[in-house]
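These values consider heavy atoms only, across backbone and side chains, with no hydrogens, waters or symmetry-generated copies.
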Amino acid sequence: MTDETPGGTNVTTPFPITLPEATKVFMFLPHMQAAVVTAALEQQQETLQFCERRCKAGLALAHELGDAANASDLFTAYAGFARQAFTDYSVEAKSALERSTQSALETVRAAQKEAAGFGATALQAA
């Protein structure tokens, strides 16, 4: 596209980058936002599943306490609940850290891959 402007200057394009490159740059942010939102929602889903399991364990404890015949049964029920809770929370903390790390790595890789598709002109203009 050529535009003869006053003063004799010849402008071949109104922007320093071409349309395909501009589209890639423009779409980068929404793609990264989608990746971050997806990772966050997946983490929330797993956390809610963990909470559901712990709630079920609490209900099971309530039933055990209701069925207890003596103090020893009460102590056994509480001790088993506390031991399992400690194990569950430890495993969940480790799992959450691993999920967060993996999500961060995947987001960085996706950003690097998408940025690699930008032409040199697009990167200079941005």
Taking salt bridge (charged side-chain N to carboxylate O under 4.0 Å, His left out) as the definition, give me every residue that meets it alongside D88, ordered by chain and number, with sequence neighbours left out. R54
Separation between CD (Q43) and CD (Q45), nearest 0.5 Å, reads 11.5 Å
Any donor-acceptor N/O pair, S100 side chain to A96 backbone, under 3.5 Å: yes
How many angstroms lie between CD in Q84 and CZ in R53, if you round to the nearest 0.5 Å? 10.5 Å
Should F75 and Y78 be regarded as members of a common hydrophobic cluster, given that ILVMFWY residues are connected when their side-chain heavy atoms come within less than 4.5 Å of each other, either directly or indirectly? no
Intermediate values then yes/no, side-chain contact (heavy atoms from CB on, under 4.5 Å), N70 and L74: CA-CA 7 Å; N70 54 48; L74 292 174; over 6 Å; no
Would R99 and E92 pass as an ion pair if we require N to O under 4.0 Å? yes
Distance-only donor-acceptor pairs under 3.5 Å for side chains of residues 56-66, two or more places apart:
none

Residues joined to Y89 in its hydrophobic cluster, side chain to side chain under 4.5 Å directly or through other members, sorted by chain and number, are F50
Do we see a donor-acceptor contact under 3.5 Å between the side chains of Q102 and E106? yes
